[in-house]
Structure formats: C-alpha cells, structure tokens
Peer 1: 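One structure coming up, written as structure tokens, with questions to follow.
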There are 2 protein chains.
Amino acid sequence: MKKVTIHEIAEILNIDSSTVSRALNDSDRVNSKTKKKVLKKAEELGYRPNLLASNLRQNKSNTIGVVVPRISRSFFSSAIAGIEEMAHNADFNVVISQSLEKHKREQKIVNNLFSNRVDGILISVSMETETSSHLEILERAGVPFVFFDRHCSDMRNSNKVLIDDFAGAYEAVSHLIRNNCKRIVHFSGPQTLEIYKNRLAGYKKALESYGIPFDPKLVITSNLMQEDGKRMAGKLIKTESAIDAIFAANDLAAIGAMKYLKSIDKKIPEDIAIVGFSNEPVSEMIEPSLTTLDQLGFEIGKISCSLLLDKIQVKDNESENKTIILKPNLIIRDSSQKKGSL
Amino acid sequence: MKKVTIHEIAEILNIDSSTVSRALNDSDRVNSKTKKKVLKKAEELGYRPNLLASNLRQNKSNTIGVVVPRISRSFFSSAIAGIEEMAHNADFNVVISQSLEKHKREQKIVNNLFSNRVDGILISVSMETETSSHLEILERAGVPFVFFDRHCSDMRNSNKVLIDDFAGAYEAVSHLIRNNCKRIVHFSGPQTLEIYKNRLAGYKKALESYGIPFDPKLVITSNLMQEDGKRMAGKLIKTESAIDAIFAANDLAAIGAMKYLKSIDKKIPEDIAIVGFSNEPVSEMIEPSLTTLDQLGFEIGKISCSLLLDKIQVKDNESENKTIILKPNLIIRDSSQKKGSL
DNA sequence: TGTATTTATACAATCGTTTGTATTAAAATT
DNA sequence: AATTTTAATACAAACGATTGTATAAATACA
C-alpha cells in the first residue's frame, strides 16, 4: 500500500540508502554483489523511483513540454509525432498540453510547465496570443524554448522553426494562374497571426508576378471555419460573379466553400478551382479531392525538437538563436486542375 | 538567471522562509502587511513555485495522467477535451501520452506517470495490450485508475467507462431495415478485439429481430482501412448483386466503399445505403454525408474523469469499483435514408 | 500588576533522492 | 612489516517546498 523508497530497501538489506541509490544507478562505486542484491529486492518490492525527488535534487527533469493550440488538428498531431520520435531517441519524456487557442490557458500551461521544471519547451502559440510576455519567465530563468509554426513576432531574437507561408501561398496561386484562373479569391485568417499575413502577401505577390491586378474586394477575412467558407462563398457568388478560383488559407474554409458551390451546381474545378492550406486528412477524402499545401508537420516536429535538445544540452546559454524555415509542399489534386490547362 | 526560491525572498525581506511559504499560500497565520510585502517581492522577482518540491513534500501532484493509443483519432481527442474540462474544473492538471498502439510504450508511460506521482490515471489500452500486468504497480501502490473505451478484460474488478457496441450496431442495422434494406452487408474488424465482436453480434441480433436470415457470406472481415472498404465493395458487387446496404464497423471502410460505389455510378443511398461507426469528422464532410454512430468521446471523457476524481478524493480505497456503459448515438445523415421510407 | 491569551514569526524536521566527503578494511606496493 | 592505494560503504548535506512546534511580543483579562 505504501510506496517503496530506497530507504526501505536499505533497511531490509542493512545497508545505507546512498549505496542503494548508487546500485540502482549502476554506479561503479558499489560492489557487483551488492548491486544484484539491491536490484533483486527492488524488483521484489515493486520499487519505482520517485522522480519528484530525483528531479528536484538534480535540478532537471529529462522532460520537454509541448504546447499546441489543439491536438486534434492533424498538423499538430503530426508535429507531436515528430517531436516524440526525436525526444524519445534522446531519452527525453514529452508532456503535451493544448491551449485551445486561448491565451489565458497558454499562459497557465507555460507557468505550470515551468513550475514542473521541464528542461525546455516547444510552443506553437494560440490565435489570441499577441505578445510574448508570458514567456519572459522562461528567458529570465534560462529555460530554452523553440517556437514552431506559430511564433511571437514581438520577440526579436528567438529560436523558431517556421513554414514559409509566403512561398506556399505564392506557389498555390501561381498554380491556379497557370490553370487559367484570373479572378482569384483569397479567404484570409485573423491578421494578428503572422501566418495569415504571409499567406496573403504570397497571394498578392503571385498576382503581381503574373500581371494580374490586385483587387481588395477579393480578399475576405474570417476565422476560417467551415461555416465561414460557406458563408463567404455565398456572398461572393452574389457580388462577384466572375470569380474562377478560391485560395483559402486553410482546408476547412476551402471545404465549406466547395460544399456551398456544389449545392448551387457550380462545377469544381471547371467553374471554380479551389486550393486549401494544411493538407488535413479530409482533404483527400472529399470529392473532388482538394489541392492543398502540406505543412510537413512530422518534419517540423523533428527539427524543432532537435533544435531544442541542442539548446538544452549546451548549457552555454548565449549560443546564437536560430530560425529555420521550411517550404510547404503543394499537393495537386482534383479541385484545382481545369482541363485543357498545362 | 537562477531560479527564484522562497529562501531568496525570505532573505531579502529578512524573514523566515516558512513565513514566505505561508504568505504565498494565503495562510491566516501571517500578518496581512507581511503577506503584501511577500507577494510584491515574489512578483517583482518573477517567483514561480517549484512544484517538484511542493508535490514531493505534500505527496500529491494535483495531476492526472491520460494514456491513449493516438491523440490524432477524433474519438480520443474528444475524450481528452472532456477529461480536461472536468479536471480543470476540479483544479487538476492533465498530462497526455500516446502509446501509438504499442504495449511496450504503454508500459513505459504508466511507469513514468507513476514515478512522477500522478494522483490517478485514465487509460484506453493499446491494440497490443492483452493483460493488465503493467498496471499492477498502480494497484499495489493504491493509485486509482479508470479504463475508458478499451479495457483489460483479464482484470475482473476495475473501474471502467465503456461504449455499448452491441446496442450501437443493433440500432444501426435496425435503422437500415426500417429503411427497407433486406440484404445488408457487414464490414467487420479483427475479431481479437472485443468491440468488433460486439458490433457483429449486434448486427446479427438486429437481423434476427426483424426475421431476416443471417447470411455469413455478407460478413467480411478486414483491417477496415479505406482501401479495404473499396476492395470489399468491389468484390461484393461482383458476387452479390442484390445487396442494398452496408454496415461498416468504422467510418473509414464505409467511406472507401462509398467512393468505389460512386465510381461505378451506384446511387447512395437509393441503390445502396451505408452506415459507418465512430462519427469521424470526415463523415459529415463527404457527400453524401455518412450516417454513423457517435461514440460520445467528450461525454466518456467527462464521465471517466469524474469517476477518477471520486476515487482520488475518497482515500477510502476500498470503495466499490464501477462499470459505466454508454449507448452510442445513431447520427442519421444522407447515406442511409432511402426516400419513401419512414 | 501579574497571568492568560492571542498573534506573528522563527526554528527545525520532513518528503525521497543524489552526491561530496569521511571512514574502514582489504589489497597492493615498498 | 610498514605504508600507500584502492575498494566498498557509511555519513551527512543538499534540492525547495510544507508544516508541527517553539518562542517572543503584544494584547486581553483578572
């Protein structure tokens, strides 16, 4: 019923607890016969080390904390898979928390991770997060952290692994243009988030490159839920009859639009071509399958974790901060390829 | 750079650390003026309690551990959402781990949670897990745990919150029959798993209730991937031309079948009605939207967490173990309702 | 005024480890 | 045989909080 400690083992074997500790940690300061006795007794009693005590003493936890907006989003669960693979290889534990896009919860989580003395933190901030003040505590105490995908732009000097949203958007829109689309709508997200700003910028740049004038009426901002996609598509069809493509800043909004357009008998991609962003699993299941940008979740997870582990291991805490940028992959499916195009 | 402790605060204010501790915990044994001084200084120095030390001393962590096969499965992420809601209300923290369906990893996770002295554990076991031996350590030390959805059937007496797969399948098939379906195919899963056995049994029972003879040729077992669904549908169309409905033991296989049937111009639900199982998000996004059984992930999460919190709070550890069984909800969508039926 | 009570704080032990230093006995070296 | 070295273990102080008990000063009561 009570939890077994090294002291009990020590008492039973009539040796000191420090010897038991060293035996369990396979130190060469203890005789191999004693080691065997200790190991046997520990096994027998079902001994499990108290990591609270151990971590407290050693001032490290061999654990990294991960903070994401939602674990259910495919990009984030893939990233977590990558993080766990890398961390477990290095014999680190991983604890996962989700902010549910709330800044308050994110703040609480960071404080809690810090209070539990994790060795480092990987974070992708919530939509509500505008400043990095809740991370100051980490800087002050020298706890290394790495942003992935979403970062705090007010923090001039930080470690981050990002997706090149600009390049992704540019490629997506270029693809649409090469498929003979001329009036291309962009569904954009909250402009507080860097990523949506960059996707919008990539959209504009692509238009410019191909000599298509930018029309602000074709950019609509929302929270990019499926319902938003439907609603926005509905509004557009009424006011802008000539549109021939939609580039949505996420898949959900793209799918919402697609459903609405199908319901009013628009053909996709013949009448209106659609491209999403994120490569959610659903994007290849719907019909027509959705062209989208894969954000390399697993890859990002691995890379950012490896960067964090580097920071943790070199205690030289003034090592240069790093920014790594990955280009998303355009996955071309059926929703964007008008026949007769190249 | 160094982490702030109560001792530093004590030294600066020239008081004892025990007073600082009591001040921070708002004890009435310390003068309100002193409290204010302490709080102000703590804030100023960016003090954050060391929970390793605090939990060690108090022999509790206010944390519950959650073990699931994969966080990316919608059912599990919903369950986690339910767990977190309930836990946070009760001021408990939640740490999430995924076994990735590996028994070895599950074992490691359980040991690690125990070593970190979580107050209780919620677990849905991996596909590979056949016995409960890796949970003995919890029983021995009196750490309460609750199974949800998937449990260890070798453990005679345990706390668990389960889905009534039999009833769900029965309801799904009854629904098809009431929609004038007579030759109903069942896509079943690995018979090693309780859940698939029960779904098959529910299917049989429904047929029996409505006086439809059971035909073993209409039951096909696979791993229920999307490809399996396609393949099985293809085979069936060739050999059993009279079929008018499919009840698949998961959504993926149902969607695979649906895609194949659409590709050969079968009308759904007019020619063939389809029902899935699990209510994956994609099931309402595809067309026609898929009738399926919702497994009440959020609900299960809340209920099992509440059960666990009860066990944690009554230290009387010989309180009766509980089994709670929830009936899944049939979500009727477009894929199963033949027109002209009731 | 002297004693009892209250209030505010200090002291010290504790949680379960780890780890530097001290101790003792045995082995190796001279 | 005397001394040094090595090996194996014991002792004790940490890590940072909590908490029971002791103490001192201030207030209340007689």
Side-chain angles (χ1 to χ4, degrees), chain A residues 2-39 41-42 45-63 111-112 114-119 137 141 143, chain B residues 2-39 41-42 45-63 111-112 114-119 137 141 143:
Chain A
K2 271 296 283 110
K3 281 155 194 162
V4 188
T5 71
I6 53 172
H7 298 294
E8 276 178 70
I9 297 178
E11 190 166 22
I12 294 176
L13 297 179
N14 222 18
I15 57 181
D16 191 82
S17 56
S18 62
T19 303
V20 174
S21 171
R22 290 194 167 95
L24 292 169
N25 289 310
D26 203 24
S27 153
D28 52 11
R29 273 178 62 178
V30 21
N31 183 293
S32 60
K33 259 178 165 168
T34 314
K35 269 187 203 172
K36 257 181 222 134
K37 270 199 307 188
V38 170
L39 256 35
K41 187 56 77 181
L45 299 178
Y47 169 80
R48 285 280 130 200
N50 184 328
L51 289 184
L52 296 177
S54 173
N55 293 340
L56 171 61
R57 179 58 228 256
Q58 298 186 96
N59 197 32
K60 65 179 178 71
S61 61
N62 253 272
T63 300
N111 281 334
N112 188 255
F114 178 81
S115 278
N116 278 296
R117 297 300 187 260
V118 295
D119 296 334
I137 185 179
V143 177
Chain B
K2 269 298 280 109
K3 280 156 195 160
V4 188
T5 71
I6 52 171
H7 300 293
E8 276 177 70
I9 298 178
E11 191 167 20
I12 293 175
L13 298 178
N14 222 17
I15 58 181
D16 191 80
S17 57
S18 62
T19 302
V20 174
S21 171
R22 290 193 167 96
L24 291 168
N25 289 310
D26 202 23
S27 154
D28 52 10
R29 274 179 60 179
V30 22
N31 182 293
S32 61
K33 257 179 165 170
T34 315
K35 269 187 204 172
K36 257 180 225 136
K37 269 199 308 189
V38 170
L39 256 36
K41 187 57 77 179
L45 298 178
Y47 169 80
R48 283 282 128 199
N50 184 328
L51 289 183
L52 296 176
S54 173
N55 293 339
L56 171 61
R57 177 59 226 257
Q58 299 186 93
N59 197 32
K60 64 180 179 69
S61 60
N62 254 273
T63 300
N111 280 334
N112 188 255
F114 177 81
S115 278
N116 278 297
R117 296 300 186 261
V118 294
D119 296 334
I137 185 178
V143 176

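The sequence lines fix the lettering, A, B, ..., with proteins before strands; numbering per chain opens at 1. Note that these values count all heavy atoms, side chains included, but never hydrogens, waters or copies made by symmetry.
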Peer 1: Expressed as a whole number of angstroms, how long is the span from B:L51:CG to C:dC15:C1'?
Peer 2: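 So the two atoms are 15 Å apart, to the nearest Å.
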
Peer 1: Which one, D:dA17, D:dA10, C:dG16, comes nearest to the side chain of B:A53?
Peer 2: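 Closest nucleotide among those given: D:dA17.
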
Peer 1: Look at A:T34 and D:dA8 and indicate whether a side-chain polar atom (N or O) is within less than 4.0 Å of OP1 or OP2.
Peer 2: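 No, outside the criterion.
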
Peer 1: So does A:T19 get a side-chain nitrogen or oxygen closer than 4.0 Å to the phosphate oxygens (OP1/OP2) of D:dT9?
Peer 2: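 No, outside the criterion.
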
Peer 1: To the nearest angstrom, how far is B:N55 atom CG from C:dT17 atom C1'?
Peer 2: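 Spelled out: CG on B:N55 to C1' on C:dT17 is 15 Å.
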
Peer 1: Show, in sequence, the C-alpha distance, side-chain angles and deciding distance for A:K35 and A:D26, and conclude whether the side chain to side chain contact (heavy atoms under 4.5 Å, CB included) test is met.
Peer 2: CA-CA 7 Å; A:K35 269 187 203 172; A:D26 203 24; 2.9 Å; yes

Peer 1: Does B:N50 place a side-chain N or O at less than 4.0 Å from the phosphate oxygens OP1/OP2 of D:dC15?
Peer 2: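 Answer no for this pair, as no side-chain N or O of B:N50 is under 4.0 Å from OP1 or OP2.
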
Peer 1: Residues in side-chain hydrogen bond (donor to acceptor under 3.5 Å, both in side chains) with B:S21, at least two apart?
Peer 2: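 Once residues adjacent in sequence are excluded, B:S21 has no partner under the side-chain hydrogen bond (donor to acceptor under 3.5 Å, both in side chains) criterion.
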
Peer 1: Could you check B:V30 against B:R57 and say which one's nearest nucleotide on DNA chain C is further toward the 5' end?
Peer 2: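 Result: B:V30.
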
Peer 1: Tell me the interatomic distance from A:I6, atom CD1, to C:dC15, atom C1', rounded to whole angstroms.
Peer 2: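 After rounding, the gap between these two atoms is 12 Å.
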
Peer 1: Is any side-chain N or O of B:N31 closer than 4.0 Å to OP1 or OP2 of C:dA8?
Peer 2: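 Indeed, a polar side-chain atom of B:N31 lies that close.
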
Peer 1: Atom NZ of A:K3 and atom P of C:dG16: how far apart are they, to the nearest Å?
Peer 2: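 For the pair A:K3 NZ and C:dG16 P, the rounded distance is 9 Å.
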
Peer 1: Return the nearest nucleotide to the side chain of B:N25; candidates are C:dT17, D:dT18, C:dT19.
Peer 2: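 Closest of the options to the side chain of B:N25: D:dT18.
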
Peer 1: Among C:dC15, C:dA10, C:dG20, which is the nearest nucleotide to the side chain of A:R22?
Peer 2: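 In terms of side-chain proximity for A:R22, the closest of C:dC15, C:dA10, C:dG20 is C:dG20.
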
Peer 1: When you check the side-chain N and O atoms of B:S18 and B:D16, is any donor under 3.5 Å from an acceptor?
Peer 2: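 The answer is yes; a qualifying pair exists.
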
Peer 1: Quickly work out the A:N116 CG to D:dA17 C1' distance and round it to whole Å.
Peer 2: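 One finds 13 Å between C1' of D:dA17 and CG of A:N116, rounded.
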
Peer 1: Under the 3.5 angstrom rule, does the side chain of A:N31 hit a backbone N or O of A:K33 as a donor-acceptor pair?
Peer 2: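 Pair found, side chain donor or acceptor close to backbone of A:K33.
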
Peer 1: Within less than 4.0 Å of OP1 or OP2 of C:dT19, is there a side-chain N or O belonging to A:S21?
Peer 2: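 A:S21 to C:dT19 OP1/OP2: no side-chain N or O under 4.0 Å.
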
Peer 1: Working to the nearest 0.5 Å, report the span between CZ of B:R117 and OG1 of B:T63.
Peer 2: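 Answer rounded to 0.5 Å: 13.5 Å.
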
Peer 1: Starting at atom CG of B:D16, determine the distance to atom C1' of C:dA8, rounded to an integer number of angstrom.
Peer 2: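 For the pair B:D16 CG and C:dA8 C1', the rounded distance is 12 Å.
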
Peer 1: Between C:dT19 atom C1' and A:N59 atom CG, what is the distance in whole Å?
Peer 2: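 Taking CG of A:N59 and C1' of C:dT19, I get 14 Å after rounding.
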
Peer 1: Between A:K41 and A:Y47 (side chain of the first, backbone of the second, donor and acceptor by atom type, cut-off under 3.5 Å), is there such a pair?
Peer 2: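 Between the backbone of A:Y47 and the side chain of A:K41 there is no qualifying donor-acceptor contact (under 3.5 Å).
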
Peer 1: Please state how far atom CG in A:L56 lies from atom C1' in D:dA14, giving the value in whole angstrom units.
Peer 2: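 So the two atoms are 9 Å apart, to the nearest Å.
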
Peer 1: Go through the N and O atoms of the side chain of B:R29 and the base of C:dT7, and report whether any donor-acceptor pair is under 3.5 Å.
Peer 2: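 No pair found.
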
Peer 1: Among C:dC15, D:dA17, D:dT19, which is the nearest nucleotide to the side chain of B:S18?
Peer 2: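 For the B:S18 side chain, the nearest candidate turns out to be D:dT19.
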
Peer 1: Any base atoms under 4.0 Å from B:L52, or only sugar-phosphate, or nothing? Heavy atoms, all strands.
Peer 2: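 Nothing, no heavy atom under 4.0 Å.
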
Peer 1: NA contact type, B:D28, heavy-atom cut-off 4.0 Å: base, sugar-phosphate, or nothing?
Peer 2: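 The answer is nothing, as B:D28 stays clear of every strand by at least 4.0 Å.
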
